[in-house]
Each structure stands twice: as C-alpha cells, then as structure tokens.
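Scroll down for the structure; my scribbles are underneath it.
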Amino acid sequence: MRIGNGYDVHRFAASGTLRLGGVEIADAPQLEGHSDGDTLIHAIIDALLGAAGEGDIGEHFPPGDPSTAGIDSRELLTRAVRLVAARGYRVVNVDATVIAERPRLRPHIAAMREALARGLGVEASAVNIKATTNEGLGEIGAGEAIAALAVALLDEGGE
Ligand code: MG
C-alpha cells in the first residue's frame with residue numbers, strides 16, 4: 001500500500017464555465033490555468049503521483065506544453081492513472097476536500113464522484129469529496145479562487 005497527498009489552487013477567470021471534479025458547473029466562471037483549471041482533479045493527480053513516487057503534475061504535464069493547453073483535466077487524470085498502473089499500482093480510494101466560497105458545491109458532489117470514479121477506474125463509493133468554505137478569510141474566502149486537497153491510496157495490482 002502506498003499513500004500520497006496533493007494540493008492545488010486556481011483563481012477564477014473573468015468568464016467561461018467552471019470545471020471542477022470533471023463536472024461543468026454553470027453558475028461560476030472557469031478557473032484560470034494552462035489546462036481547464038480543474039483544481040480538484042489536479043490535487044488528485046498529485047496525490048496519485050505522490051503515492052507512486054512519481055514526482056508531481058508539473059513534471060509530467062509541464063504548464064508550457066502546447067499539447068496540453070486548454071486540455072480537459074479528465075484526460076490528464078486518465079494519463080496519470082495509466083502511469084500509476086504501469087508502475088504496478090491500482091487506486092484503492094481517494095478522499096478530497098474542496099475549499100471554495102462559491103459556488104455552492106453540495107448539489108454537484110454526486111456527479112463529481114461519478115466522473116472521478118470513471119477516470120480513476122474505481123467505484124463511486126471509493127471517491128469521497130468534501131466541500132468547505134474558508135470562512136471568508138483571504139482570497140479563497142473572498143471567492144476569488146478555489147483550492148483542493150486530496151489523499152490517494154494505491155495498492156499493488158496495476159497492469
Ligand atoms: Mg493546477
């Protein structure tokens with residue numbers, strides 16, 4: 001068994017549609033970033049890579065790489081899971097916390113679990129997502145950004 005943790009934060013752009021946990025959320029703008037800015041998926045990818053001893057997301061998907069500009073982060077997740085499998089590991093479970101003042105995430109959690117479970121190759125019951133606010137403190141508390149933390153557990157049994 002191997003455990004890894006991940007953290008990411010992205011600020012809101014002025015326009016677009018929010019992508020978080022692989023789900024489109026219409027009542028908030030997109031997050032800035034080289035990809036689609038999906039901070040939750042990025043935190044999970046870092047947790048997976050960390051558990052596999054494979055460095056971090058910036059190493060595998062460099063922000064200057066034109067081939068991943070604007071890419072759907074679900075595709076990055078698929079690639080990370082493939083890499084972890086190639087190292088001989090499979091995902092046991094993922095637990096994540098999203099820290100956001102806006103939008104309200106509760107109605108979207110079930111869809112995020114489904115989307116992430118598909119990407120991770122596990123049942124939705126193996127993906128837990130918690131949502132909290134930053135109690136109005138700092139930039140996240142002012143609703144300018146969304147942060148995410150994730151922990152992933154891997155076990156032997158990949159490819
Ligand atoms: Mg990121």
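Quick caveat: nothing in here was measured; it's all calculated off a predicted structure. We count ligands from 1, going down the list as the structure has it; atoms in each ligand are counted the same way.
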Calculate, to the nearest 0.5 Å, the distance between atoms CD1 and CD belonging to I41 and E75 respectively. 10.5 Å
Measure the spacing between CD1 of I140 and CZ of R102 and express it to the nearest 0.5 Å.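 The CD1 atom of I140 sits 12.5 Å away from the CZ atom of R102.
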With a 4.0 Å cut-off on N to O distance, would you call D27 and R104 a salt bridge? no
For the side-chain contact (heavy atoms from CB on, under 4.5 Å) test, which of D8, L31, L116, L149 pairs with L40?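 Testing each of D8, L31, L116, L149 against L40, the sole residue satisfying side-chain contact (heavy atoms from CB on, under 4.5 Å) is L116.
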Protein N, O or S atoms less than 2.8 Å from the Mg ion (ligand 1), ignoring waters? D8 OD2, H10 NE2, H42 ND1
A52: side-chain contact (heavy atoms from CB on, under 4.5 Å) partners, not counting sequence neighbours: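 Applying side-chain contact (heavy atoms from CB on, under 4.5 Å) to A52 gives E54, V84, Y89, L154.
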Going through the distances and angles, do T39 and V98 end up as a side chain to side chain contact (heavy atoms under 4.5 Å, CB included)? CA-CA 9 Å; T39 179; V98 179; 5.8 Å; no
